[in-house]
Amino acid sequence: MIRKFYLVNEKENTFMLTGYSRNKTDIESLDNLGFEFNIEYHEFDARFVEIKRTIPQKTISMTLVFYEGYNGFTKWREFVTKSKTLRLFYSLKETKYCYVNVKSSSKTQLEAGILRSNVELECLSLWLVNKNAVINVTRTDDGKIYPYTYPYTYAISFNGKVDVENLSSRSVPIKITIEGNVYNPKVIIRQQEKDISTFRLITDERENPTIVMNADPTDQYIIKYVDGVETDIYSLQDFSKENFLFLPPGKSEIFFDPGVRENSKCTIEFKEEYVAH
């Protein structure tokens, strides 16, 4: 299989780093795709016991060859300098990506119409794989006859669940998107039939909102959208619960209860983390 590297910015524009036909650019050399740990030990009578393990920030080094010379380097420079966020994708048998900053990019003299650049990419994350799961809760009356035209009740609610697996070695933050009317909705992560953590809001919503909870420590929020209007509903948390949920390693069951007998949808998104590709 052909190894592919490419950068994607916040506008989903792509710059291919391999594959001559598109950008007439290729990687000549590449270094530091592996992994390392900073490990601290405590000594016990000439024996050493690990007490802490962290992952240091990594810098990927590569040499790019621009077969269009200065024009190719100019395209590269414009892409990098006009991008606010960059993801480096590495595709072989599977595709993973990591967030990066371009720390430096040198420029050599033109030789036979070819220009080279030594590039350093600072990694801002581990290698990531996007995963998602959807829980659809559908209202069915099952032959019941209601004496009113709007069967909205809190006494009985429909709920749903889905099984997911986090192949990372540690817990990862999840993003929850709830669509539809809810009353004190909750999302529960369970492992081996035990509740691990719970997200719950104290709210009564009847305008078919979209509610988004993002647990990423760098960008935590709980927001409601109704007809394009955004409202911060951080204060509507049930503060007796964890709310900003992290998915533990291994297999989990995710349970969703909207609190009402109406159609609703709960989407779970998370990023598996890998120290190397």
Side-chain angles (χ1 to χ4, degrees), residues 1-8 12 14 17-18 30-40 50-60 85-101 121-136 159-178 186-199 212-221 241-256 265-277:
M1 297 182 67
I2 299 176
R3 184 173 66 170
K4 295 180 181 179
F5 284 91
Y6 52 97
L7 287 169
V8 180
E12 299 300 321
T14 300
L17 302 176
T18 54
L30 184 65
D31 191 29
N32 206 17
L33 281 182
F35 65 91
E36 64 176 305
F37 297 106
N38 287 335
I39 305 175
E40 297 180 20
E50 180 181 328
I51 59 174
K52 186 178 181 181
R53 178 182 296 233
T54 58
I55 302 173
Q57 187 177 18
K58 183 169 63 175
T59 299
I60 297 174
T85 303
L86 289 173
R87 289 169 288 163
L88 174 66
F89 283 79
Y90 178 15
S91 179
L92 190 56
K93 291 183 178 179
E94 61 181 346
T95 300
K96 294 185 176 73
Y97 70 93
C98 67
Y99 287 90
V100 297
N101 274 336
L121 303 176
E122 291 186 328
C123 298
L124 307 180
S125 71
L126 298 179
W127 290 101
L128 306 172
V129 175
N130 292 342
K131 295 290 182 71
N132 66 78
V134 178
I135 305 172
N136 284 300
N159 52 61
K161 60 184 179 181
V162 68
D163 294 327
V164 299
E165 184 174 11
N166 173 19
L167 298 178
S168 308
S169 60
R170 63 178 184 173
S171 297
V172 296
I174 69 174
K175 182 178 181 180
I176 297 172
T177 303
I178 298 173
K186 60 184 176 182
V187 176
I188 304 173
I189 297 178
R190 293 172 175 157
Q191 282 194 335
Q192 298 179 345
E193 299 183 352
K194 291 184 178 180
D195 291 0
I196 303 299
S197 53
T198 301
F199 164 70
V212 183
M213 181 283 292
N214 186 20
D216 187 334
T218 64
D219 189 26
Q220 286 187 343
Y221 58 81
K241 307 298 182 183
E242 295 83 0
N243 295 317
F244 290 103
L245 303 185
F246 284 70
L247 186 66
K251 295 180 179 179
S252 299
E253 176 188 278
I254 299 181
F255 173 84
F256 169 54
K265 178 180 177 182
C266 178
T267 302
I268 308 296
E269 300 173 74
F270 63 96
K271 296 178 174 64
E272 287 181 339
E273 298 180 335
Y274 298 86
V275 295
H277 197 280

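Every value quoted in this text rests on a predicted model; they were computed, and no experiment measured them.
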Decide yes or no for [X] and [Y]: does some side-chain heavy atom of the first lie under 4.5 Å from some side-chain heavy atom of the second?
| X | Y | value |
| --- | --- | --- |
| Leu167 | Tyr274 | yes |
| Val134 | Asn136 | yes |
| Thr14 | Phe89 | no |
| Lys271 | Val172 | no |
| Ser252 | Ile196 | no |
| Ile60 | Leu33 | yes |
| Glu36 | Val275 | no |
| Ile55 | Phe35 | no |

Minimum heavy-atom separation for [X] to [Y], with atom names?
| X | Y | result |
| --- | --- | --- |
| Thr95 | Val129 | O-CG2, 4.0 Å |
| Ser171 | Asn166 | CA-ND2, 4.3 Å |
| Ser125 | Tyr99 | OG-N, 3.0 Å |
| Phe246 | Ala215 | CZ-O, 3.7 Å |
| Ile135 | Ile254 | CD1-O, 3.5 Å |
| Glu269 | Thr177 | OE2-OG1, 4.1 Å |

[atom1]/[X] to [atom2]/[Y] distance, rounded to the nearest 0.5 angstrom?
| X | Y | atom1 | atom2 | value |
| --- | --- | --- | --- | --- |
| Tyr90 | Thr18 | OH | OG1 | 10.0 Å |
| Glu94 | Trp127 | CD | CH2 | 11.5 Å |
| Ile176 | Ile268 | CD1 | CD1 | 4.5 Å |
| Met213 | Lys175 | CE | NZ | 10.5 Å |
| Leu17 | Tyr6 | CG | OH | 10.5 Å |
| Arg87 | Tyr97 | CZ | OH | 6.5 Å |

Q: Kindly check if the number of other-residue, nucleotide or ligand heavy atoms within 6.0 Å of NZ (Lys161) is above 12?
A: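 Atom NZ in Lys161 is not packed in, count stays at 12 or less.
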Q: Say whether Glu272 and Ser168, considering side chains only, have a donor N or O and an acceptor N or O under 3.5 Å apart.
A: no
Q | Pairing of Glu253 and Lys194 as salt bridge, 4.0 angstrom limit | A | no
(Q) Pair Glu273, Lys96 - check salt bridge (charged side-chain N to carboxylate O under 4.0 Å, His left out), show working. (A) CA-CA 9 Å; Glu273 298 180 335; Lys96 294 185 176 73; over 6 Å; no
